[in-house]
Amino acid sequence: MEIITTIIYIVLFIILMVFVFSIAMLKPFMSKKETLLILIVAFFIGVIGGAFFLSPIYSDMPEIASSVGSFMPGNEETLYLDLSSSTDINALKNDLSKIDGFKSFEETGITIPLWSFNDREYEYFKFAVGNIDSHFKNYTVNKTTGEIYIALDNYSSSEALSSFANWYKLVYGGPISYAQIHAKMVISSYSLKEVQDLLLKKGIVASNIEGDIQNSVDNTNSSMLPNWEFTLLCGGIGVVVAIIGIFFDTFAVGSRRFNRAMNKKRKR
């Protein structure tokens, strides 16, 4: 939400509270039943004002926390990407590296989906994968989904996929139709929005984000009330304003008497 819109909404809510306060000050001219009606009306005006004017601002609090965190020097974000094997990794890395705040881009692993393995196939792949390439030291074979995950350690995804595809073609006589590349990117927090926009243009969305901005957003979300509770709270604010208006004359008279008494003591 834009700053001007936010200010307008806050001013409109304040105007509603001034209206409630003004009505409540008419209490000396009302009966007790009408005083109760004032409190009920004040609650509903607070609820309506909260729902229409303050709730949109309240819902944007995580975004506000994100904006504040992006300006803090030294803050970093880590983005985890799951990319198609058809993605030109070098071109992507080159485009990202041109963004101010880019720190590193690392290919962490590949996932190759095959088929649901039976017991024999499962044992075979557990044995065979580690012998395909000397770089395949850390890998897992999922029997149920038929996915093979291979961690990359100073080894590019293209080299790993080429090595596995050549072995697969030799053994099974067919190509690998699809694989997924996993990457980790570290950037300065202030460049997060620009990086996300670039990735979105390429049809890529980070599967997970960790870092200072994300932590502040998560903390803000965890501390926020549900919208309906916040709306009721605004109704409570309306009631409080009405009570202050109802007893304003009493407070004012009492304050004057107190000030007079203090002045008399000082003169003595």
Dump the intermediate steps for side-chain contact (heavy atoms from CB on, under 4.5 Å) on Tyr190 and Asp100, then the final yes or no. CA-CA 9 Å; Tyr190 64 80; Asp100 183 35; 3.4 Å; yes
For a quick test of reading the model, state the closest non-hydrogen atom pair linking [X] to [Y] and the distance between them.
{"X": "Ile209", "Y": "Ala206", "result": "CG1-CB, 4.0 Å"}
{"X": "Val239", "Y": "Phe43", "result": "CG2-CB, 3.6 Å"}
{"X": "Val129", "Y": "Phe136", "result": "O-CD1, 3.5 Å"}
{"X": "Cys234", "Y": "Gly46", "result": "CB-O, 3.3 Å"}
{"X": "Ile148", "Y": "Phe164", "result": "CD1-CZ, 3.9 Å"}
{"X": "Ile181", "Y": "Ser85", "result": "CD1-CA, 3.9 Å"}

With a 4.5 Å limit on heavy-atom distance, are the side chains of [X] and [Y] in contact?
{"X": "Leu26", "Y": "Ile38", "value": "no"}
{"X": "Leu200", "Y": "Val205", "value": "yes"}
{"X": "Met224", "Y": "Asn221", "value": "yes"}
{"X": "Leu233", "Y": "Leu225", "value": "yes"}
{"X": "Ile176", "Y": "Leu114", "value": "yes"}
{"X": "Leu79", "Y": "Leu192", "value": "yes"}
{"X": "Asp133", "Y": "Glu159", "value": "no"}
{"X": "Tyr124", "Y": "Val171", "value": "yes"}

Run the numbers on Tyr168 and Ile112 for side-chain contact (heavy atoms from CB on, under 4.5 Å), then give the verdict. CA-CA 11 Å; Tyr168 186 85; Ile112 305 169; over 6 Å; no
About how many Å separate [atom2] of [Y] and [atom1] of [X], when rounded to the nearest 0.5 Å?
{"X": "Ile150", "Y": "Leu161", "atom1": "CD1", "atom2": "CG", "value": "8.0 Å"}
{"X": "Asp153", "Y": "Asn138", "atom1": "CG", "atom2": "CG", "value": "8.5 Å"}
{"X": "Glu147", "Y": "Asn142", "atom1": "CD", "atom2": "CG", "value": "6.5 Å"}

Please identify each residue that fulfils ring pair (Phe, Tyr, Trp, His ring centres under 6.0 Å) with Tyr155, with sequence neighbours left out. His135
Electrostatic pair Lys201:Asp197 at N-O distance under 4.0 angstrom: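 No salt bridge links Lys201 with Asp197.
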Would you say [X] and [Y] are hydrophobically clustered, going by side-chain heavy atoms of ILVMFWY under 4.5 Å?
{"X": "Ile237", "Y": "Val41", "answer": "yes"}
{"X": "Tyr122", "Y": "Tyr139", "answer": "yes"}
{"X": "Tyr178", "Y": "Trp167", "answer": "no"}
{"X": "Phe52", "Y": "Ile4", "answer": "yes"}

Show the numbers, then the answer: is there a side-chain hydrogen bond (donor to acceptor under 3.5 Å, both in side chains) between Ser191 and Glu194? CA-CA 5 Å; Ser191 62; Glu194 187 176 357; over 6 Å; no
Within 6.0 Å of [atom1] in [X], more than 12 heavy atoms from elsewhere:
{"X": "Phe127", "atom1": "CZ", "value": "no"}
{"X": "Tyr80", "atom1": "OH", "value": "yes"}
{"X": "Asn154", "atom1": "CG", "value": "no"}

Is there a donor-acceptor pair closer than 3.5 Å between any side-chain N or O of [X] and the backbone N or O of [Y]?
{"X": "Asn94", "Y": "Asn90", "value": "no"}
{"X": "Thr111", "Y": "Tyr149", "value": "no"}
{"X": "Ser116", "Y": "Thr145", "value": "no"}
{"X": "Thr108", "Y": "His182", "value": "yes"}
{"X": "Ser189", "Y": "Glu76", "value": "yes"}

Go through it in stages, so that I can follow the logic: the residues are Met25 and Phe21, the test is side-chain contact (heavy atoms from CB on, under 4.5 Å), and I'd like the CA-CA distance, side-chain angles, deciding distance and then a yes or no. CA-CA 6 Å; Met25 287 187 67; Phe21 182 81; 3.2 Å; yes
Under the criterion side chain to side chain contact (heavy atoms under 4.5 Å, CB included), which of Ile45, Ile8, Val18, Leu54 is the partner of Phe13? Leu54
Residue list, side-chain contact (heavy atoms from CB on, under 4.5 Å) with Phe105, at least two apart or on another chain: Leu81, Leu83, Ile89, Leu92, Lys93, Leu96, Phe102, Glu107, Ala183, Met185
Between Phe125 and Trp115, how do the two ring planes meet: parallel, tilted or perpendicular, split at 30° and 60°?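 Phe125 and Trp115: perpendicular rings.
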Just say parallel, tilted or perpendicular for the rings of Phe53 and Tyr9, cut-offs at 30° and 60°.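 The rings of Phe53 and Tyr9 sit tilted, inter-plane angle from 30° to 60°.
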Audit row: Val240, Ile244, side-chain contact (heavy atoms from CB on, under 4.5 Å) steps and yes/no: CA-CA 6 Å; Val240 171; Ile244 294 174; 4.1 Å; yes
